[in-house]
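Worth knowing before you read on, the calculation uses all heavy atoms, side chains too, and leaves out hydrogens, waters and symmetry mates. Values in this document were obtained by computation on a predicted structure and should not be read as measured data. Below, chains carry the letters A, B, ... as their sequence lines are ordered, and counting in each starts from 1.
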2 protein chains.
Amino acid sequence: MKILIVEDDALHRTYLGESVRAALPECDMVLEAADGATGERLAREHASDRVVMDLQMSPRNGIEAARTIWRERPDTRILFWSNYADEANVRGISRIVPPGAAYGYVLKSASDERLRLALRSVFIEDQCVIDREVRGLQQKSTGAVSGFTDSEYEVLIDIALGLTDRTIAKRRNLSLRSVQNRLQQLYEKLGVYQPNEGDAEARFNLRSRAVTVSLLRKLVNYTALERAEIELVRWLEKEGHSHR
Amino acid sequence: MKILIVEDDALHRTYLGESVRAALPECDMVLEAADGATGERLAREHASDRVVMDLQMSPRNGIEAARTIWRERPDTRILFWSNYADEANVRGISRIVPPGAAYGYVLKSASDERLRLALRSVFIEDQCVIDREVRGLQQKSTGAVSGFTDSEYEVLIDIALGLTDRTIAKRRNLSLRSVQNRLQQLYEKLGVYQPNEGDAEARFNLRSRAVTVSLLRKLVNYTALERAEIELVRWLEKEGHSHR
DNA sequence: AGGGAAATTGCGGGTTCCCGCAGGTCATTT
DNA sequence: AAATGACCTGCGGGAACCCGCAATTTCCCT
């Protein structure tokens, strides 16, 4: 059994290596990669179907790498090992995991034992293992009050990128008013209306404020923005061409 | 000689401990703290004047902790050990370092040797050591083209927080038009005007877009936002009281 | 098939934002 | 003293935003 480790922090990488060797004596080969790109390459060359990797990496982050790995071998088992449990990461993963694939998500703050269990469950038993803290987010994200619709999340990203209402409408194939409706729902759910006890004037620019609280609540984060920006420029180019 | 280590990641903490012991044989006591708050407490109790600490921590981040430590003992030597070299961190530190204090800033990606040198320089020789990558930012931030005036940085933070023009004016004691002037300069320097080859309509909401590119260029980051938000609510409360 | 909730769209308005223009103030220069 | 430049300020207008209202479409459920 071969296992591929993708993690840019050297200390964490050696720690993962030791944990893997200790938890999985049936593993006879441990590959290591220090960034997403070489991780993808090693996965391809060695046809490795068991990967444990970090999410926060630069220049090529974990979600991107996982996407291409899964595109080439959808049955790859991937265990994500991340610092944070924020909605942006969870959403990003559940968007790309192939149906039926085994994967896991454990936090770096988890105990050695928890990591050991996750390694065995995902790589030997083909189970899905998701830390409780993260699981809480998943429930919310599909569910009720504090969770967002996919469409709401879309406009959130769009205004975070700094797009105009009109541009959003064009990009998402909606009317101007529909975009503004979504925005209203978003403002509502983010609790951005706080005229400070009734009477006084509004202190916040709703649009910008919405982005701020999303950042503070970790509904979006830096890597999510980065990814979205890349998609945006791609779309902008396509748009530009079709208009001349 | 006593040395206090403040770092929330367990692996990095033990690594730092080993490095300190290896680089500084004259050190006979190493204290460890896993977050900013206990770091402050240990520093107070043990009257420690040599601290090495991480910047990215939660709930209480490194800059806050450093501020209170320096407030109590301005001659404390602090070596910051950080993942990133972005303008928000550099600005945050140079804003709170007491005149004459010795401090250092090295990246986690630095080699063992570089860390060793920094430890000895800051803690033994009372020198200031700043990684080259970070130094580049410092030059820019006080200087010419791509750097910002302090006042421009202020409005940047304010719109990142989602404030209205009017509110910014009140907070900074300016007229509405002056705030808008600063904003124009900001938009100019951030290069936010890109109507995509002349004719076409504007695709970006300048205000939001400015925040986005500042984030992408790491002129502001999550912890800077967090700090600014705290200051903001403090100001809002004061304002609220004075108005009834 | 039919009823009802949810989403989409148009219209109209009030507000905020973005910014050119035209003065002001203050400090430094010549 | 005049001149230059940097900054702040008021005015006005066009564009974008925020949103209530109401009509329509879409979707889902029994």
Side-chain angles (χ1 to χ4, degrees), chain A residues 142-145 147-156 158-196 198-214, chain B residues 142-145 147-196 198-213:
Chain A
T142 57
V145 180
F148 292 75
T149 318
D150 280 344
S151 60
E152 283 159 1
Y153 197 75
E154 260 182 0
V155 285
L156 172 57
D158 283 342
I159 64 170
L161 287 173
L163 294 182
T164 309
D165 287 8
R166 193 191 315 279
T167 311
I168 300 177
K170 208 176 297 177
R171 189 180 185 194
R172 306 294 183 191
N173 283 322
L174 289 173
S175 79
L176 202 64
R177 190 60 179 92
S178 298
V179 174
Q180 295 173 334
N181 274 336
R182 278 146 141 81
L183 283 176
Q184 269 182 268
Q185 301 166 225
L186 190 68
Y187 299 151
E188 187 68 39
K189 291 197 182 174
L190 285 175
V192 159
Y193 301 100
Q194 297 191 10
N196 231 21
D199 56 327
E201 73 269 41
R203 302 188 124 95
F204 287 127
N205 174 321
L206 296 179
R207 168 177 292 244
S208 303
R209 184 62 182 172
V211 177
T212 312
V213 316
S214 316
Chain B
T142 58
V145 180
F148 292 75
T149 319
D150 280 342
S151 60
E152 284 159 359
Y153 197 74
E154 260 181 358
V155 285
L156 172 57
I157 296 294
D158 284 342
I159 64 169
L161 287 174
L163 294 181
T164 308
D165 287 8
R166 193 192 314 280
T167 311
I168 300 177
K170 207 175 298 175
R171 186 180 186 194
R172 306 295 182 190
N173 283 323
L174 288 174
S175 80
L176 203 64
R177 191 61 180 92
S178 297
V179 174
Q180 294 172 335
N181 273 336
R182 277 150 145 75
L183 283 177
Q184 269 183 268
Q185 299 167 227
L186 190 68
Y187 299 152
E188 188 66 39
K189 290 197 182 174
L190 285 174
V192 160
Y193 302 100
Q194 296 191 9
N196 230 22
D199 57 327
E201 73 269 38
R203 300 187 126 95
F204 288 127
N205 174 321
L206 297 179
R207 168 176 293 245
S208 304
R209 184 63 181 171
V211 177
T212 311
V213 316

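For the pair A/Asp158 CG and D/dA16 C1', the computed distance is 17 Å after rounding to whole Å. If you measure from atom CD of B/Glu188 to atom C1' of D/dC7, you get 17 Å, rounded to the nearest angstrom. If you take CD of A/Glu154 and C1' of C/dT8, they are 15 Å apart, rounded to a whole angstrom. Here D/dC18 presents its C1' atom at 17 Å from CZ of A/Phe204, a figure rounded to the nearest Å.
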Which donor-acceptor pairs under 3.5 Å do the side chains of residues 175-185 of chain A make with protein atoms, sequence neighbours left out?
| from | atom 1 | to | atom 2 | distance (Å) |
| --- | --- | --- | --- | --- |
| A/Ser175 | OG | A/Arg177 | N | 3.4 |
| A/Ser175 | OG | A/Ser178 | N | 3.2 |
| A/Ser175 | OG | A/Ser178 | OG | 3.1 |
| A/Arg177 | NH1 | A/Asn181 | OD1 | 2.9 |
| A/Gln180 | NE2 | A/Asp165 | OD2 | 3.3 |
| A/Gln185 | NE2 | A/Glu152 | OE2 | 2.6 |

Dump every N/O contact between nucleotides 18-25 of chain C and the protein below 3.5 Å, one line per pair.
| from | atom 1 | to | atom 2 | distance (Å) |
| --- | --- | --- | --- | --- |
| C/dC18 | OP1 | B/Tyr187 | OH | 3.3 |
| C/dC18 | OP1 | B/Arg207 | N | 3.3 |
| C/dC18 | OP2 | B/Tyr187 | OH | 3.3 |
| C/dC19 | OP2 | B/Tyr193 | OH | 3.2 |
| C/dC19 | N4 | B/Gln180 | OE1 | 2.9 |
| C/dG20 | OP2 | B/Gln184 | NE2 | 3.4 |
| C/dG20 | N7 | B/Arg177 | NH2 | 2.9 |
| C/dG20 | O6 | B/Arg177 | NE | 2.6 |
| C/dG20 | O6 | B/Arg177 | NH2 | 2.9 |

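In this structure, B/Thr212 and A/Val211 have side chains that are not in contact, with every pair of non-hydrogen atoms separated by 4.5 Å or more. The closest side-chain heavy-atom distance from B/Arg172 to B/Asp158 is below 4.5 Å. Contact of the B/Thr164 side chain with the A/Arg209 side chain is not registered, since no non-hydrogen atoms from C-beta on lie closer than 4.5 Å.
Computed from C1' positions of five pairs at each end, the angle between the two local axes of the helix from C/dA1-D/dT30 to C/dT30-D/dA1 equals 30°, rounded to 10 degrees.
When all heavy atoms of A/Phe204 and B/Leu163 are compared, the pair lying nearest together is CE2-CD2, 3.5 Å.
Within 4.0 Å of B/Arg182, counting heavy atoms only, lie sugar-phosphate atoms of the nucleic acid but no base atom. Within the nucleic acid shown, A/Leu176 has no heavy atom closer than 4.0 Å to any nucleic acid atom.
Evaluation of the side chain to side chain contact (heavy atoms under 4.5 Å, CB included) rule for B/Leu156 yields B/Tyr153, B/Leu186, B/Ser214, B/Val220 as partners, not counting sequence neighbours. Listed by chain and number, the residues in a side chain to side chain contact (heavy atoms under 4.5 Å, CB included) with A/Ser208 are A/Asn205, B/Arg207, B/Ser208 (sequence neighbours excluded).
Taking for each of A/Leu163 and B/Gln185 the nucleotide of DNA chain D with the nearest heavy atom, the 5'-most of the two is the partner of B/Gln185.
Applying the 4.0 Å criterion to OP1 and OP2 of C/dT9, one finds that A/Ser175 has a side-chain N or O inside that range.
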